[in-house]
Structure formats: structure tokens, C-alpha cells
Amino acid sequence: MQKTIFALATGNELSALSVIRVSGKESQMVLEKLTLKSAPTERLLTLRNFYFPDSKKKLIDICLVVWMPGPRSYTGEDCVEIYTHGGDAVFKSFFSALTSLPNVRYADHGEFSKRAIINGKTDLVKAEAVNDLINAHTEKQRGLAIGQFNRGLSIPIKKWRKGILKCMSLIEANIDFSDESDTPENLNIKNDLLGLRADFKEALKNKDYYELVNKGIKVVFKGKPNAGKSSIFNSIIKKQRAIVSNTPGTTRDIIEGQINFKGHAITFYDTAGITITDNSIEKEGIKRTRKLLKEADIILNITEDGKFLSQSHNKKEWLVLNKIDNNKNLKKKFKGNAILVSAKTGEGIEDILEKIYIEIIKKTKKFEGSKNIVLNLRQATELEEAEQNIAKALEEKSEEIISEHLRQANRSLERIIGNIDVEDVLGNIFSNFCIGK
Ligand code: GDP
């Protein structure tokens, strides 16, 4: 028998209230065992005393509770939400009370959403969108997530699946009297397939947008040791996350920090200084830096002495002269040719951010207004596969093989919305969801 699950749906910091969610067949039993009363009227907030089970009325807390019998609940199962007082000890008591009951256990990551998908209450695109919404730090991330939840990818997927199924049924209905081969043209599905392929390609144009909004634009520092990369990084991140030191080559690993600038995420990477060295740890750091530089959206080529490292050819790379508090002559010399900053006084740091911001606006503009279809990496990979199967179907001359490609394309779309062997595939995806979702 499937166990009834419970979890803390709110954060576990000190707070006035916490919400405990319960879902599964035993929800009503849980409620009655803990309140020593029958379940209250459904969907009506009701005040109840909660006791430790079988304890002669040893009180845990006095809480509002709502009883939501399935299927009219988030998971589609019988559900209870208890609005307890916040704090550690209250939840610990509920935890021990709930786990002492038969067939009740603490939920896994994303298990409520998983059950909601299995019971047809939501789809995977929406569940992922809710997870993104919970994790959103910037206004852009929030907007993207709620858009995806509200009218996102699930809608075109529905339309596309209908299109594929229509083609499949046309093939099925085709009774071939002629000597012609079964090309998509002869099967009367060519235009439909071309249309689907064009739609998929159009949607895939946006595939970098999700990463851009959620991961942020990638800004990678490059420069010789001691140029002041870590100091600039710290000045931007405004927390002492990198070790700032006088010894050249101290930052051997890559340090990553994300900020929210005017509602957009920017991720900065402080890297190992590039220099000639025999030290193997330093060499490894430089190797990692070079790899990261290839993935950068923007490179900041930082120097303290005006001798910049050679610039990459196919990258957006800006020259940054640091320590201008110390060197007035260099400051004069590079005015207009480099961004002039002082990590020490903070002068010029805002200029870097503003310049990056202009770049973000340019990059995001390209994607905006494109029918609101946005794909995360997982969804894009599936859609790419669907697109390739449609492309192959268009080339084929055999009814069976065309049908098979269409079936595969349809499977990819089904996987996007989670219409799949749930236990196998979903487990992986939900492992990074929070527990109470
Ligand atoms: P990195 O090796 O490029 O990461 O350089 P660090 O950030 O570790 O800086 C090297 C040294 O330069 C440290 O002693 C910093 O305090 C100093 N430094 C960094 N930025 C500035 C600056 O703008 N002005 C001055 N005067 N010193 C700086």
C-alpha cells in the first residue's frame, strides 16, 4: 500500500507559522488521531487542538487545519494542511507524532508534485515551473516561472501532439491502391509535418533564454595574478567570499557568485590568474580558467599595470584597468579605452555593472515576444529529438518507418509533460525539488 506522506511546506527558519502538508489514504486517520475529533467540514479552515497520539491528550499545538479530500486537492489524494506555530520544536513534535502513525512517512523531494502528475492533477512542465518559482531570486526568473506555469509550454505541446496523432491516423487510414511509394506527400501529411517542424525549430530558437534568465549572464574574470580580480569580485558580490591576498596565484579554483542587478541575474566567475608556472595546482587552475573562458558571455580582461593579456577572438571581452586609486598616469592613458576601476575605493564598479546590464537587455530582447515558448535544458533536448524524428519522417518512403518516427516524436513530447513511466524518469527530475512540494 502506498504510504501517506507529510512534509513541512514552509521554510524552517524562525517564523510565526509553518504549514505541514499531509497527503494519502491515511490523511483522515491522521487528522482524527491527532485531534481526537472527526474531520472538519472540507475546505474550511477550522481551529483544532493537536495531541500526541495515544497520550491522554498531551497537547502539541493549537492550529488551524484544512481537510481536502481527494480528488479535489493538489495531489489528487486526500490531503490535510496544518497551520502550526513556527519554530523548530513545534515541527519536531509533529514529526514524531506523525511518524509514529502506521503507514505514514516523511515525503521525498518533490513527492507531492510527483503524485499530482501521476493523478493527472498537473503536468511536469507546470511542476518544474512551480519549482522554478520557488527558487526564483530575480523578477525575470519569477516572471518566466509563473508564465510557464500559467500558459507555458503545456499548451503548444498539446497542439503538437494532436498534430502528430492526426498524421498517424491519416497513415493508418491510408489504403494504398497506387504503385506510388508512401512518401509523406502521398500520405497527405507533408504539410502538417513541415508545419510541426517549423514550430519546433521556432521554439528551439529560445533554448538559451531559460539559462540566461535562471543562470544569469556569465561574466568571467581574466588576468595575471595580483591584478585585483578577487578584490573586484568581492566588491561586486559585497561579501568576502574569495580570499584576497598578496601572494600571486592564491585564487586557484574558480569562485562563482550570483547577483541580482535590476531584476536580472548576473553570475561572476573569479578565476586563477593566468601566468607561467611550474606549480601543478596552479596549472590545473589555469586549465579550468581557460575552459571557463570559452563558456563566458562576457570576459573582463583585468590588469593593474596596463599590460593586458591577449584578447580572445570570438568573445565579447572588455578591458578593465584596476587600482586607479594608485596610478593616475595609467588612468589618464587608458581613459576611453578601458573601464577604469578601483576595487579599493569602489570607483568604476558600477560602470562595469551598467555595461553588463546593457548587454543583458540586448541579449534578452532577442527572445522577447516570441510566443512565450520557453524551454529548460531537459525540455529543449526532448524537443530537439522530436524535431529530428519529424525531419527523418519527411525523408522516408515507408509507411511503417514514418509511423515509427512519429511515434518517437510523440514520445519525446510526452516526456516533456511527464506522461511517461513516472517512477523511472521522474525520480531524477524531482531530486532537486524541495521536500514540501
Ligand atoms: P588577484 O590575484 O587578481 O585576484 O588579485 P587580488 O584581488 O588578490 O589583489 C591583489 C592585491 O592588490 C591585494 O593586496 C589587494 O588588496 C590589492 N588591490 C586590489 N585591488 C586594488 C585597488 O583597486 N587598489 C589598490 N590600491 N589595491 C588593490
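Both counts, for ligands and for their atoms, begin at 1 and track the order of listing. We use all heavy atoms of the structure for the numbers below, so side chains are in, but hydrogens, waters and symmetry mates are not.
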Problem set entry | Near-ring test Phe94/Phe52, centroid separation under 6.0 angstrom | no

Problem set entry | Short N or O distance, Ala227 and ligand 1, threshold 3.5 Å exclusive | yes

Exercise. Between Phe95 and Tyr106, is the gap from one ring center to the other below 6.0 Å?
Worked result: yes

Exercise. Less than 3.5 Å between some nitrogen or oxygen of Asp270 and one of ligand 1, yes or no?
Worked result: no

Exercise. Can you check whether Ile324 has an N/O within less than 3.5 Å of an N/O in ligand 1?
Worked result: no

For this session: Would you mind checking if Asp88 and Lys92 are paired as a salt bridge, meaning a charged N to carboxylate O distance below 4.0 Å?
Result: yes

Exercise. Is there a donor-acceptor contact under 3.5 Å from the side chain of Ser235 to the main chain of Phe233?
Worked result: no

Exercise. With the threshold set at 4.0 Å, does a side-chain nitrogen-carboxylate oxygen contact exist between Glu317 and Lys222?
Worked result: yes

Exercise. Between the candidates Glu304, Lys224, Glu347, Lys323, which shows the shortest non-hydrogen contact distance to atom 27 (N) of ligand 1?
Worked result: Lys323

Exercise. Any idea which part of Thr345 is under 4.0 Å from ligand 1, heavy-atom wise: side chain, backbone, both or neither?
Worked result: neither

Problem set entry | Atoms in ligand 1 flagged as close to Ala343, the criterion being non-hydrogen separation under 4.0 Å | 20 (N), 22 (C), 23 (O)

Exercise. Where does Asn226 meet ligand 1, judged by heavy-atom distances below 4.0 Å: at the side chain, the backbone, both, or neither?
Worked result: both

Exercise. When you measure from atom 15 (C) of ligand 1 to each heavy atom in Ser231, Ser230, Ser342, which option holds the nearest one?
Worked result: Ser231

For this session: Check ligand 1 against Lys229 and write out every atom of the ligand that is under 4.0 Å from a heavy-atom position of the residue.
Result: 1 (P), 2 (O), 3 (O), 4 (O), 5 (O), 7 (O)

Exercise. Going by the atom numbers of ligand 1, which of them fall below 4.0 Å from some non-hydrogen atom of Asp325?
Worked result: 22 (C), 23 (O), 24 (N), 25 (C), 26 (N)

Exercise. Is any NZ, NE, NH1 or NH2 atom of the basic residue among Glu387 and Arg197 found under 4.0 Å from an Asp or Glu carboxylate oxygen of the other?
Worked result: yes

Problem set entry | Side-chain ion pair, Glu304 and Lys224, N-O less than 4.0 Å | no

